[in-house]
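The structure under discussion is supplied below as structure tokens; questions concerning it will follow.
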Amino acid sequence: MKVVGARLPRYDGVGHVTGRTTYVDDVRVPGMLHAAALRSVHHNARITRLDTGAAAAMAGVHAVVTHADVPLLVYGHLSGAGIPGDEPLLAKDHVRYRGQPIALVAADTVDIARAACAAIEVDYEELPALFDVRLGFDGDAPVINDTFGNWYDQYEGNLDVRQIRKGDIDAAMDAADLIVSGVYRTQSVEQVPLETQVCVAIPEPDGRLTIHTCTQAMYFSLGVVCSHLQLPMSEVKMVGGTVGGGFGGKVDTASDTLTALAAQKSGQPVKWRWTREEEMLASGNRGPWHMEIIDAVTSDGWILGRKMLTIHDAGAYGRFSVYGLTKHSFHHTGAYSIPNLHFDGYVVFTNKIPTTAMRGYGVTGLSTAIEVHAERVAKELGMDPYEFRLKNANRVNDTSPNRIAYEDPSTVEVLQSLAAATGVELGDGLRAMTREQRSGDMLPDHLVAQIGSGGGH
């Protein structure tokens, strides 16, 4: 108990502030080559010709890696969870976003590698591109993803929509005194780590590979690399742990597999460090969300039901989007108990960079939409927004959208603390509220059936 409430120094803090911490970019190995990527200049195009001959013949070039060098070209980030793969490690005959990698060159210097990339000849047949998820369902929209079409279609029972159904939404709408609807959209956000994507791959004399990685998910990345390379995990050693900023953006194994392939093909250690431009334009970012919320409420401030439609912009490939939308669906009521729910969510593909995790994946933008909507509902009712929130706040044994009983919700105390910190004077009744299981006036008829019991699920 000595550490509870104590100010403890970070074990790595001194190294960080004195510049002695070793990051992947600090790794230096004798004979190390440097890599650069050839990336698509189009948002959507067929590759009709790819000729790497001139690049491979350049002095100082030791390896040019293309799709033909990848033992398993397509492997999904969630394949281990049963989500089919859809993204090739290197583009083969089609590019679906500007910046998609087509080839990687390993050379004596970065400048030579970049010059070799420029010498690679690529002929394209440019195709119409789609950038607005709302148009992805149109019959005349270009087909973005060969595996799924324009939206993911393999949820439970091969549904093309992530669904939540709880209670009777139609009855809630009929019983409502007021129906408040709103549309909320979040934009794409780049994580902007100080350290860009970087990797050093070293072929060992015994045939194994050592990979210095900046990944946030060591064993996950190990599985991805070994699957693409068709190697047992015992033949790959990954060295990491020090990440120069990730925030979710370094779970994609963005540089490790290609650097390892270049090291295998050249027989020498290879470093691939992304430029800041590549990091900004070609790394996975937080994807946009389109959210439509319709709440059925009573004149005295109870939320009877919620109907919601969400469209998530996955970019050109799936990556973690199905997982993100699943989290989104389970949290679409926010910190509030709503007994009647009708949620439909779609993962839709566009010709943008594939999106990925960022802090609170699938939930952060949703929380913003929920709270803005709550403020609007309270205003429409002419009700104090704290009273509205505290009335509907989750209590012990209220159930989540997927019927999990809350054992230790903190919404009531958080709202009370927020009011105190911002100088908002709550009435005696609001200050006396607790998280304890609903009873009396806090348990109106419409909430009785949604009460569950804790103790595991």
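Bear in mind the structure is a predicted one, so any value in this text is a computation, not a measurement. Computed over heavy atoms, backbone and side chain alike; hydrogens, waters and symmetry mates excluded.
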Side chains of Val224 and Tyr75 in contact at under 4.5 Å (non-hydrogen atoms):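 Yes, close enough: below the 4.5 Å cut-off.
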Counting C-beta onward and ignoring hydrogens, is there a side-chain heavy-atom pair between Met291 and Thr186 closer than 4.5 Å?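 The answer is yes, as the side chains (C-beta and beyond) meet within the 4.5 Å cut-off.
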Side-chain donor-acceptor contacts of residues 410-421 below 3.5 Å, not counting sequence neighbours, with atom names and distances?
from   : atom 1 : to     : atom 2 : distance (Å)
Glu413 : OE2    : Arg435 : NE     : 2.6
Glu413 : OE2    : Arg435 : NH2    : 3.1
Gln416 : NE2    : Leu430 : O      : 2.9
Gln416 : NE2    : Arg431 : O      : 3.3
Gln416 : NE2    : Met433 : O      : 3.0
Ser417 : OG     : Glu413 : O      : 2.9

Using the test salt bridge (charged side-chain N to carboxylate O under 4.0 Å, His left out), find all partners of Arg98 that sit at least two apart in sequence or belong to another chain.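 With neighbours one apart ignored, the set is empty.
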Residue pair Arg134 / Arg185, side-chain heavy-atom distance below 4.5 Å: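 Yes - at least one pair of side-chain heavy atoms lies under 4.5 Å apart.
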Using only heavy-atom distances, determine whether the side chains of Asp398 and Ser337 contain a donor-acceptor pair under 3.5 Å.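 Yes - a donor-acceptor pair under 3.5 Å links their side chains.
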Would you call Lys352 and Ser188 a side-chain contact if the rule is heavy atoms closer than 4.5 Å?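 Sidechains of Ser188 and Lys352: no contact.
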Looking only at heavy atoms, what is the nearest atom pair of His34 and Ala113, with distance?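 Smallest interatomic distance, heavy atoms only, reads O-CB, 3.7 Å.
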Is a side-chain donor-acceptor pair under 3.5 Å present for Ser400 with Asn402?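 There is such a pair between these side chains.
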Does Tyr323, at its OH atom, have more than 12 non-hydrogen atoms belonging to other residues, nucleotides or ligands within less than 6.0 Å?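 Count not over threshold, so no.
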A quick test of your reading: do over 12 heavy atoms of other residues, nucleotides or ligands sit less than 6.0 Å from CG of Leu8?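 Atom CG in Leu8 is packed in, count exceeds 12.
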Please determine, by modelled atom types, if His328 and Thr310 share a side-chain donor-acceptor pair under 3.5 angstrom.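 Present: a donor and an acceptor within the cut-off.
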Residues which pass side chain to side chain donor-acceptor pair (under 3.5 Å) with Thr333, listed by chain and number, not counting sequence neighbours: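 Partners of Thr333 under the side chain to side chain donor-acceptor pair (under 3.5 Å) test: none.
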Closest heavy-atom contact between Leu104 and Ala262?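 Looks like CD2-CB, 4.0 Å.
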Just so I know, are the side chains of Ser40 and Tyr97 near enough to count as touching, which here means a heavy-atom distance under 4.5 Å?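 No. Closest side-chain heavy atoms not under 4.5 Å.
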Do other residues, nucleotides or ligands put more than 12 heavy atoms under 6.0 Å from Arg395 CZ?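 Yes, enclosed.
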Closest approach of Lys166 and Arg403, non-hydrogen atoms and distance?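 What the structure gives for the nearest pair is CA-NH2, 3.3 Å.
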For the residue pair His373 and Tyr184, confirm or rule out a side-chain donor-acceptor distance under 3.5 Å.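 Yes, because at least one side-chain N or O of His373 sits under 3.5 Å from a partner of the opposite role on Tyr184.
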Can you sort out the partners of Tyr124 under ring-ring contact (aromatic ring centres under 6.0 Å, His included), two or more places apart, ordered by chain and number?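 Listed in chain order: His42.
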Residue pairs passing the salt bridge (charged side-chain N to carboxylate O under 4.0 Å, His left out) test where at least one lies in residues 56-78, sequence neighbours excluded: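 Qualifying pairs: Asp69-Lys265.
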Could you tell me whether Lys250 and Asp256 have a side-chain N and a carboxylate O separated by less than 4.0 Å?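 So Lys250 does not pair with Asp256 through a salt bridge.
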Can you confirm if the aromatic rings of Phe320 and Phe220 lie within a centre distance of less than 6.0 Å?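 For Phe220 and Phe320, the ring centres are under 6.0 Å apart.
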Once side chain to side chain contact (heavy atoms under 4.5 Å, CB included) is applied, do any residues pair with Thr21, and if so which ones, sequence neighbours excluded?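 For Thr21 the side chain to side chain contact (heavy atoms under 4.5 Å, CB included) partners, ignoring immediate neighbours, are His16, Tyr23, Thr242.
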Among pairs that include at least one residue of residues 26-52, which meet salt bridge (charged side-chain N to carboxylate O under 4.0 Å, His left out), considering only residues two or more places apart or in two chains?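 Found Arg39-Glu278, Arg46-Glu125, Arg49-Asp51, Arg49-Glu121, Arg49-Asp123.
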Between Asp146 and Arg96, is there a salt bridge with N-O shorter than 4.0 Å?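 Yes, charged N to carboxylate O under 4.0 Å.
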Does a salt bridge link Asp25 with Lys271, judged by any charged N lying under 4.0 Å from a carboxylate O?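 Salt bridge: yes.
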Identify whether the distance between the nearest side-chain nitrogen and carboxylate oxygen of Arg319 and Asp252 falls below 4.0 Å.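 Result for this pair is yes, salt bridge flagged.
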Side-chain donor-acceptor contact under 3.5 Å, His94 with Asn44: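 Yes.
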Tyr361 vs His312 aromatic rings, parallel, tilted or perpendicular, using cut-offs 30° and 60°?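 Perpendicular: the ring planes of Tyr361 and His312 meet at over 60°.
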Taking atom CG of Asp93 and atom CD1 of Ile47, what is their separation to the nearest 0.5 Å?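 Here the rounded value is 7.0 Å.
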Once side chain to side chain donor-acceptor pair (under 3.5 Å) is applied, do any residues pair with Arg389, and if so which ones, sequence neighbours excluded?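 Per chain and number, Arg389 pairs via side chain to side chain donor-acceptor pair (under 3.5 Å) with Tyr336, Glu371, Glu375.
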Do you know which two heavy atoms are closest between Val236 and Leu231, and how far apart they sit?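 Answer, listing the atom of Val236 first, then Leu231: CG2-CD1, 4.0 Å.
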Suppose we screen for ring-ring contact (aromatic ring centres under 6.0 Å, His included). Which residues come up paired with His212, at least two apart in sequence or across chains?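 Testing His212 for ring-ring contact (aromatic ring centres under 6.0 Å, His included), a comparison that skips the adjacent residues, returns none.
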Would you sort out whether Val105 and Leu38 count as a side chain to side chain contact (heavy atoms under 4.5 Å, CB included), showing the intermediate values? CA-CA 8 Å; Val105 175; Leu38 171 69; over 6 Å; no
Answer yes or no: is there a side-chain heavy-atom contact under 4.5 Å between Ile211 and Thr259?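 Result no, sub-4.5 Å side-chain heavy-atom pair not found.
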Taking it one step at a time, do His77 and Tyr317 satisfy ring pair (Phe, Tyr, Trp, His ring centres under 6.0 Å)? CA-CA 10 Å; His77 287 69; Tyr317 299 101; 9.8 Å; no
Quick one: which residue pairs count as a ring pair (Phe, Tyr, Trp, His ring centres under 6.0 Å) with a foot in residues 397-421, not counting sequence neighbours?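 Matches after skipping sequence neighbours: none remain.
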Tell me, please, which residues at least two apart from Tyr152 pass ring-ring contact (aromatic ring centres under 6.0 Å, His included).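 Here the qualifying residues are Phe148, Tyr155.
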Start with the C-alpha gap between Thr326 and Arg162, add the side-chain angles, then the distance that decides, and say whether side chain to side chain contact (heavy atoms under 4.5 Å, CB included) holds. CA-CA 7 Å; Thr326 298; Arg162 165 63 73 190; 2.9 Å; yes
Decide salt bridge (charged side-chain N to carboxylate O under 4.0 Å, His left out) for Asp12 and Arg20; before the verdict, give the C-alpha distance in whole Å, the side-chain angles of both, and the deciding distance to 0.1 Å. CA-CA 10 Å; Asp12 54 1; Arg20 286 182 286 182; over 6 Å; no
If you draw a 6.0 Å radius around NZ in Lys327, do more than 12 non-hydrogen atoms from other residues or ligands fall strictly inside?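 For Lys327, atom NZ is crowded (more than 12 foreign heavy atoms under 6.0 Å).
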Using ring-ring contact (aromatic ring centres under 6.0 Å, His included) as the criterion, list what pairs up with Phe137, not counting sequence neighbours.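 If we apply the ring-ring contact (aromatic ring centres under 6.0 Å, His included) test to Phe137, skipping adjacent residues, the hits are Trp151, Tyr346.
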Provide the closest heavy-atom pair for Pro193 versus Gly246 in the form atom of the first, atom of the second, distance.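 Residues Pro193 and Gly246, closest heavy atoms: CB-N, 4.3 Å.
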Over all heavy atoms of both residues, which pair between Ala55 and Ile120 is shortest? Give the atoms and the distance, please.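 Taking every non-hydrogen atom into account, CB-CG1, 3.6 Å.
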Would a 4.5 Å heavy-atom cut-off, applied to side chains only, mark Phe388 and Val377 as touching?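 A side-chain contact under 4.5 Å exists here.
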How far apart are the C-alpha atoms of Val65 and Leu90, what are their side-chain angles, what is the distance that settles it, and do they pass the side chain to side chain contact (heavy atoms under 4.5 Å, CB included) test? CA-CA 9 Å; Val65 178; Leu90 288 167; 3.9 Å; yes
Does either side chain, that of Gln191 or that of Asn285, offer a donor lying less than 3.5 Å from an acceptor on the other one?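 Looking only at side-chain atoms, Asn285 and Gln191 do not form any donor-acceptor pair under 3.5 Å.
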What do you reckon, is CD of Glu277 surrounded by more than 12 foreign heavy atoms closer than 6.0 Å?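 Check fails, neighbour count at 12 or below.
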Do Cys214 and Gln197 have side chains that approach each other closer than 4.5 Å (heavy atoms only, starting at C-beta)?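 Yes. Closest side-chain heavy atoms under 4.5 Å.
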Report the residue from Lys307, Arg306, Arg165 that forms a salt bridge (charged side-chain N to carboxylate O under 4.0 Å, His left out) with Asp344.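 In the set Lys307, Arg306, Arg165, the residue that makes a salt bridge (charged side-chain N to carboxylate O under 4.0 Å, His left out) with Asp344 is Arg165.
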